[in-house]
A.B. asks: 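Questions regarding the structure given below will be posed in turn.
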Amino acid sequence: MNLPMIRYVLGWTLGIEGAFMALPCLVALLYGEAAGWWFVPVALGALLAGGLMVWRKPADSMIYVREGCVATALSWIVLSLVGSLPFWLSGEIPFFLDAVFETVSGFTTTGASILSDVESLSYCMLFWRSFTHWLGGMGVLVFLLMVLQMPGGSRMNLMRAESPGPSVGKLKPKVRQTARILYLIYLGMTVLEVILLLAGGMPLFDALCTSFGSAGTGGFGIKNDSMASYSPYIQWVTTVFILLFGTNFTIYYLLLLRRWKQALGMEEVRLYFAIVLASIAVIVAQLCAGGAAFGKTLRDAAFQVASIITTTGFATVDFNQWPQTSRTILVVLMFIGACAGSTGGGIKVSRIGILCKTLIKELHSYVVPKSVRKVELDGKPLSHEVVRGVNVFLVSYLLIFTLSVLLVSLDGTDMVTNFTAVAATFNNIGPGLELVGPTGNFGLFTPFAKAVLCFDMLAGRLELFPVLLLFYPPTWKGTLHRVRRAAA
Amino acid sequence: MARKKAGATREGLNIILVGCGKVGVSLVEKLSQEGHNITVVDRRASAVTAVTDLYDVSGVVGNGASYRIQQEAGIDEADVFISVTASDELNLLCCTVAQKASHCATIARVRTPDYSEDSQYLKEKLGLAMVINPEREAALAIARLLCLPTALSVTSFAGGHAEMVRIRIPQNSKLDGRYLRELGKELAGPVLVCAVERSGQVYIPDGGFQLASGDALTFICPSRDSKQFLGRMGFETHQVHNALLIGGSKAAYYLARRLLAVGVQVRIIEADMARCEELSNLLPRATILHGDGTDADLLREAGILQAEAVVPLTGIDEENILLTLHARAVAPGAKAVTKINRIMFPEAVARLDLGSVICPKHLTTDAILAFVRSRGASKNSNIEALLHMFDNRVEAIEFLAREGSPLLDIPLRELALRDHLLIACLFRDNQTLIPGGDDCIQAGDRIIVVTTHTGLRELAEILA
């Protein structure tokens with residue numbers, strides 16, 4: 001294992017985080033908040049430590065798959081630990097583990113909170129909390145790839161470890177250009193949302209935080225009732241934008257290039273919107289049958305469906321109170337998740353599509369035993385590796401999920417709470433049902449359960465394998481030995 | 001860091017490369033190092049993944065001659081299109097389609113004699129920017145070596161008017177222990193030592209450099225003077241009179257034709273009867289033997305003991321290497337040249353004491369690289385030829401100076417050149433000259449530069 005290179009990547013990650021902490025400092029200055037001072041030592045510390053770690057560039061700068069995964073997973077852990085320090089040091093979140101939970105939830109764009117009174121936080125803390133969504137949405141390492149010189153294969157191994165989806169495609173031949181285009185689209189859409197929200201009369205601070213939350217499909221609200229108190233216009237704008245941020249970003253690149261046919265033909269995106277529309281239709285029908293007004297119901301249903309399928313987790317209504325079918329639809333959407341290549345989490349629409357096609361292929365092989373058939377996506381046959389990867393992903397996903405539910409159940413809360421708490425964190429959504437519903441929070445869990453949920457959030461965001469690899473002993477084989485020898 | 005400066009500052013060219021074989025991969029390696037945006041195309045998904053996993057390039061699986069695939073690979077924005085699949089026909093078709101789709105520069109690899117005889121015609125009619133034939137290039141390189149058997153390698157520059165020759169200094173040579181500045185005085189010949197390799201280190205030497213036995217020395221001089229110089233230094237300089245070629249490949253055909261033209265007797269051993277008959281038709285003056293070239297008895301019968309040159313040209317690298325080792329054991333006086341296509345262990349091959357090694361892959365890569373580099377540079381100079389030496393640590397580049405270059409008509413002594421860079425040779429009006437401080441570069445000159453700063457693209461970059 002190329003430890004110096006992992007150190008190097010970690011150093012850069014720390015440096016970038018330290019640099020971005022200047023933003024909450026600025027917010028603190030504007031609002032004249034003393035809590036903002038806590039960002040200064042943490043930022044300087046991160047910059048200094050990062051600087052020391054990248055001081056000497058390793059001679060062998062190659063990152064293989066293993067190093068790529070380990071570096072990514074460790075980066076995210078370090079990012080969360082350092083990012084949680086201001087919350088804890090300032091005393092606004094008194095317990096360290098709670099602060100870590102909140103930050104992990106931020107960077108992984110989950111949006112699950114342990115705070116019962118969000119509005120009591122200072123503005124700079126609220127800003128940093130929402131900004132972690134924006135940074136975590138597209139990925140810190142993707143940002144890193146934009147600025148760093150590295151040999152060819154290395155970039156791809158890092159990009160692959162951090163980007164969601166069954167296979168990672170590049171928009172441009174070079175990773176660096178791809179990363180730049182992704183961030184430009186991301187930034188452009190965020191700015192557009194801020195402008196549209198401002199046009200709806202939202203205060204600038206709220207508009208920024210809401211846009212960060214929707215861009216990263218995170219979902220930290222800055223109000224206790226999340227988005228419920230905003231005007232219908234603002235809710236509609238947010239609905240549209242979270243849906244857009246949950247779409248595969250390749251489509252925007254294709255649209256920019258005016259390749260309309262290819263863009264509109266993307267199977268995953270079509271399936272995604274079909275699921276969204278169908279879910280809204282069913283929920284609206286059920287709620288209206290119960291006597292609700294159509295206009296508001298449509299708005300609420302659309303908002304909740306968009307928020308859950310893109311794994312954002314904003315809420316405009318307490319969907320905990322909805323009839324069972326509607327609640328169940330939301331839980332199913334939690335698992336489906338957003339598109340691959342978006343900022344959302346979950347299993348991903350493309351994987352669901354591939355799994356369904358594999359199922360059909362399997363059924364077909366019973367009917368016509370000798371038939372040869374390839375699973376296709378967008379008219380192109382998928383390689384065996386990709387299909388196998390999707391299957392293995394699903395199995396690992398279910399395993400971790402079951403184990404997590406089991407571990408969280410030690411807390412003794414009811415089954416629906418446990419189940420949806422794990423579903424909401426593992427899929428990076430935020431609120432679940434019952435006690436962890438939109439009006440509740442995760443503060444009720446014991447430290448152990450919180451740690452398990454933190455793990456779930458990280459594993460969910462990085463799509464399992466990079467995080468699992470940290471716990472697989474052969475990954476470290478020979479490394480500890482070498483470190484010990486070097487020390488001696 | 002100097003290496004990065006030349007390559008990475010500008011956005012690279014958009015290059016589409018069809019065919020992920022040996023040459024394809026080696027091109028991807030070199031071109032992506034120089035910062036170009038590369039898309040590879042191959043029919044085999046596994047070949048494409050292997051390349052995209054290793055280098056920062058994107059890949060498309062499919063037939064490179066199909067317009068749809070070319071579009072997917074981004075033909076509309078492509079600057080250069082290179083086709084190096086195994087099939088000549090496919091390469092030509094790919095390039096023709098690409099040429100019609102967008103007016104990018106197209107490069108095709110064409111190996112069969114059927115087409116390469118009229119490569120000039122094909123180039124014009126199909127609008128190709130370059131047709132490259134590695135087998136023929138390899139054969140010409142081998143032929144140059146057989147004309148000067150003491151050399152480890154001979155490369156020609158300036159359309160054959162200048163030669164870059166590499167030799168190893170033996171024990172008790174006249175060159176042993178001599179300072180380079182004495183060399184110039186005593187010989188007063190137009191010879192310039194441009195690089196010396198000693199125990200793994202490469203030096204671009206100046207006058208104060210002292211030679212020693214065991215050094216591998218590279219010098220450049222007008223083509224007709226190399227023999228004279230070596231003769232005066234006590235080296236054997238006669239050309240071989242006969243050559244034994246083992247294996248009747250395409251390269252063997254090109255080599256035999258070349259050797260026969262300069263009056264060398266050629267024997268070719270080939271295992272396939274049909275190919276033997278074909279060769280005897282094509283090369284009536286050569287002796288064609290039918291048999292297995294790896295049979296030691298047959299080799300003796302074919303006259304390996306009397307041969308002045310042995311060139312194994314079978315399609316299998318391992319066989320070629322063993323045949324060379326065998327030839328060096330049984331006929332120590334014979335010049336052996338080994339052609340290695342595939343094997344990628346340069347360190348191991350270097351330890352085998354094979355003498356001269358020719359890699360068609362590298363010849364192709366260097367030629368295409370030279371083309372791509374000048375494509376990305378300004379118009380007031382052009383790269384005519386490029387040679388990588390000493391494991392890519394040193395490059396020799398032949399520039400063509402054009403009107404508008406900032407270096408014209410300034411005496412060389414007044415140019416602030418980079419360190420580790422040498423203007424080795426000037427070629428003007430059919431005259432090759434080793435430049436002194438008072439010489440100036442004029443428009444239309446060809447300038448050969450030797451340097452450890454790899455990645456130069458235009459003449460102006462030789463300045464510090």
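Letters A, B, ... are given to chains in the order of the sequence lines, protein chains preceding strands, and every chain is numbered from 1. Both backbone and side-chain heavy atoms feed into the values below; hydrogens, waters and symmetry mates do not.
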A.B. asks: If you measure only the distance, is there a donor-acceptor pair under 3.5 Å linking the side chains of N382(B) and S374(B)?
C.D. replies: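 A pair is found: one side chain offers a donor N or O, the other an acceptor, under 3.5 Å apart.
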A.B. asks: For the CG atom of N91(B) and the CD1 atom of I132(B), what is their distance to the nearest 0.5 Å?
C.D. replies: 12.0 Å
A.B. asks: So for T49(B), is it side chain, backbone, both, or neither that comes closer than 4.5 Å to the heavy atoms of chain A?
C.D. replies: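 Neither the backbone nor the side chain of T49(B) comes within 4.5 Å of chain A.
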A.B. asks: Would you call the rings of Y252(A) and F249(A) parallel, tilted or perpendicular, where under 30° means parallel and over 60° means perpendicular?
C.D. replies: perpendicular
A.B. asks: Just wondering, more than 12 heavy atoms not from H420(B) lying within 6.0 Å of its NE2?
C.D. replies: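 Atom NE2 in H420(B) is not crowded, with 12 or fewer foreign heavy atoms closer than 6.0 Å.
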A.B. asks: Q177(A) versus chain B, heavy atoms under 4.5 Å apart: side chain, backbone, both or neither?
C.D. replies: side chain
A.B. asks: Can you tell me which of T52(B), V57(B), V61(B) forms the most heavy-atom pairs within a distance under 4.5 Å of chain A?
C.D. replies: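 Highest number of pairs under 4.5 Å: V57(B).
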